[in-house]
Amino acid sequence: MTGKTRMGLAMRGERPDRVPVMCQLALGHIYKHAGMDPIEFWYGNDGFAEAHILMAERYGFDGTLLPKGGCDPAVRQRILRVEQHGDGHLVHWRDGSRTVIPADDYPIHEDATPPASPVLHLKQERGKRYKSKQKPVRPADIVAFDPEMIPLLDGPSDLPDYHFAVLDYVLRRKGDTWSVHGETGTALGQFLRLFDSYGDALMGLLDDPGRTLALMERLNQNVKVLALAQCTRPIAALKFSSAFAGAGFLSPELYERFVLPFDKELIAAAHAARDIPCYMHTCGAIGDRLELMAETGIDGLECLDPPPLGTVDLADAVRRIGHRLFIKGNLDSVNELSGKRPDEIRDIIRRRLAIGMHNPRGYILS
């Protein structure tokens, strides 16, 4: 049974030959261990994609997820030179700015307006149409925002040609045998990035909920375009990343008002476009909102972090939402897996499998 078949069965509530295994590795970990040239990895497309394939093969995963869009090939023409910098590298750009690339972490830009970002957020993925407009300011107070300042994407044609370069590379190489997942964000995540700080953004929810909802409505239209564009590719599943929708940021009441309606609309649009599983990624404490998250219409949920990193007991989650959603995760990489002996990790994994494998809608070890 291929990884694609195994994951497909698990995500649709059927029983595969074994529990599938998958992990979205930290980009710093991939870069450190894949042995890639720093420019090929951080500012290339084929190199970034190949590194994900190498690491998934090394660990024997049943699939992989591509966490960023393609990088504009023209970016590399702006590089003046690259030199060793400690155990990492230093990139000198033609405009005089510099970027430090550590050996095991994201690049660190030493200029307030770097020539490119290695991780493309929505505002950088709007292509030529967006670039022709004045960049939005980043005020601290929501009253300074006009919802009309958010430029709308008309459709996939507004995305640059290189947007799917990474995803298409992996699909060509592994799409027949691996479960290759696409990813996009959510309106909440895009809303938070409009501000100088997440605290300022969260205060906006309370200070001017009407303006907040208007901003998120426009942002959600753009996220839908990104999601539907990925649905034109032969991906096996689509992940929606909503890292800030947990209890560390929002109460269940605020989640129900500012997250649920937009995520519900987004997931319905994706399901209408393609009959593929859609799942939601939220970090940290979500034990108080599992049922609310299921109301979005998702097919599955990750990370379901256990205590102390999160608040989800796997057995409790299976009882509460196991008849509605597949479950992906429930491992604490900080407190359970770091610094442990192999035999200790095996015991932790076996305990999770003993519970998760009986989830009616499927379980993925992640």
Side-chain angles (χ1 to χ4, degrees), residues 1-30 32-34 52 54-65 67 104 178-179 181 237 239 243 246-248 277 279-290 293-294 299-366:
M1 185 175 289
T2 66
K4 183 175 184 177
T5 300
R6 186 175 294 115
M7 287 279 289
L9 291 172
M11 290 188 292
R12 296 182 184 277
E14 301 178 44
R15 185 172 291 276
D17 58 343
R18 62 163 173 80
V19 173
V21 182
M22 185 176 174
C23 178
Q24 183 178 352
L25 300 169
L27 294 187
H29 178 88
I30 297 175
K32 177 180 179 179
H33 295 285
H52 277 73
L54 287 171
M55 296 307 294
E57 287 178 336
R58 182 175 302 178
Y59 291 127
F61 294 151
D62 290 301
T64 191
L65 177 137
D104 60 353
W178 282 9
S179 188
H181 298 186
K239 179 186 114 172
Y279 61 101
M280 187 67 66
H281 169 107
T282 300
C283 305
I286 60 171
D288 64 347
R289 63 198 64 197
L290 295 178
M293 298 180 84
D299 302 293
L301 187 61
E302 72 170 23
C303 309
L304 296 101
D305 298 311
L309 189 65
T311 56
V312 177
D313 174 80
L314 185 56
D316 179 60
V318 169
R319 285 192 297 270
R320 290 166 59 188
I321 59 169
H323 61 293
R324 301 171 69 179
L325 307 177
F326 72 79
I327 289 174
K328 185 173 182 288
N330 195 241
L331 287 172
D332 183 343
S333 58
V334 177
N335 301 288
E336 288 187 310
L337 304 184
S338 296
K340 295 289 194 303
R341 300 189 311 271
D343 62 307
E344 293 177 309
I345 293 176
R346 290 190 190 97
D347 287 341
I348 292 169
I349 297 299
R350 290 189 183 103
R351 289 197 295 270
R352 290 297 192 284
L353 290 175
I355 301 169
M357 66 187 298
H358 298 295
N359 190 56
R361 294 291 299 169
Y363 178 66
I364 299 166
L365 184 69
S366 177

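A quick note: this is a predicted structure, and the numbers were derived from the prediction, not measured.
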- prompt: Is it true that His358 and Tyr363 have ring centroids separated by less than 6.0 Å?
  reply: no
So, taking the atom named [atom1] in [X] and the one named [atom2] in [Y], what distance separates them when rounded to the nearest 0.5 Å?
{"X": "Asn359", "Y": "Ile327", "atom1": "CG", "atom2": "CD1", "result": "4.0 Å"}
{"X": "Asp17", "Y": "Arg6", "atom1": "CG", "atom2": "CZ", "result": "4.0 Å"}
{"X": "Lys328", "Y": "Asn330", "atom1": "NZ", "atom2": "CG", "result": "12.5 Å"}
{"X": "Leu65", "Y": "His281", "atom1": "CG", "atom2": "NE2", "result": "9.5 Å"}
{"X": "Thr64", "Y": "Glu57", "atom1": "OG1", "atom2": "CD", "result": "10.0 Å"}
{"X": "Phe326", "Y": "Ile321", "atom1": "CZ", "atom2": "CD1", "result": "10.5 Å"}

Between [X] and [Y], is there a side-chain N and carboxylate O pair less than 4.0 Å apart?
{"X": "Asp62", "Y": "Arg18", "value": "yes"}
{"X": "Glu336", "Y": "Arg352", "value": "yes"}
{"X": "Asp316", "Y": "Arg320", "value": "yes"}

Greater than 12 external heavy atoms within 6.0 Å of Arg346's CZ
no
Closest approach of [X] to [Y] (non-hydrogen atoms, all atoms of both residues):
{"X": "Lys340", "Y": "Asn335", "value": "NZ-O, 2.8 Å"}
{"X": "Ser366", "Y": "Cys23", "value": "OG-CA, 4.0 Å"}
{"X": "Arg341", "Y": "Glu344", "value": "N-OE1, 2.8 Å"}
{"X": "Thr282", "Y": "Gly246", "value": "CG2-N, 3.6 Å"}
{"X": "Asp332", "Y": "Pro308", "value": "OD2-CD, 3.7 Å"}
{"X": "Pro360", "Y": "Val318", "value": "CD-CG1, 4.2 Å"}

So do the side chains of [X] and [Y] get within less than 4.5 Å of each other, counting heavy atoms only?
{"X": "Lys239", "Y": "Met280", "result": "no"}
{"X": "Leu27", "Y": "His52", "result": "yes"}
{"X": "Met11", "Y": "Arg361", "result": "no"}
{"X": "Arg15", "Y": "Leu9", "result": "no"}
{"X": "Met22", "Y": "Ser179", "result": "no"}
{"X": "Val21", "Y": "Phe61", "result": "yes"}
{"X": "Leu301", "Y": "Ile286", "result": "yes"}
{"X": "Pro306", "Y": "Val312", "result": "no"}

For His33, the ring pair (Phe, Tyr, Trp, His ring centres under 6.0 Å) test, sequence neighbours excluded, returns His29
Can you tell me if Ser338 uses its side chain to pair, donor with acceptor, with the backbone of Ser333 under 3.5 Å?
yes
Q.
Checking the side chain of Thr311 only, and the main-chain atoms of Ala285 only, is there a donor and an acceptor separated by less than 3.5 Å?
A. no
Any chance you could lay out the side-chain contact (heavy atoms from CB on, under 4.5 Å) test for Tyr279 and Leu325, step after step, and finish with the verdict? CA-CA 9 Å; Tyr279 61 101; Leu325 307 177; over 6 Å; no
- Item | Derivation and outcome, side-chain contact (heavy atoms from CB on, under 4.5 Å), residues Leu365 and Ile349 | CA-CA 8 Å; Leu365 184 69; Ile349 297 299; 3.7 Å; yes
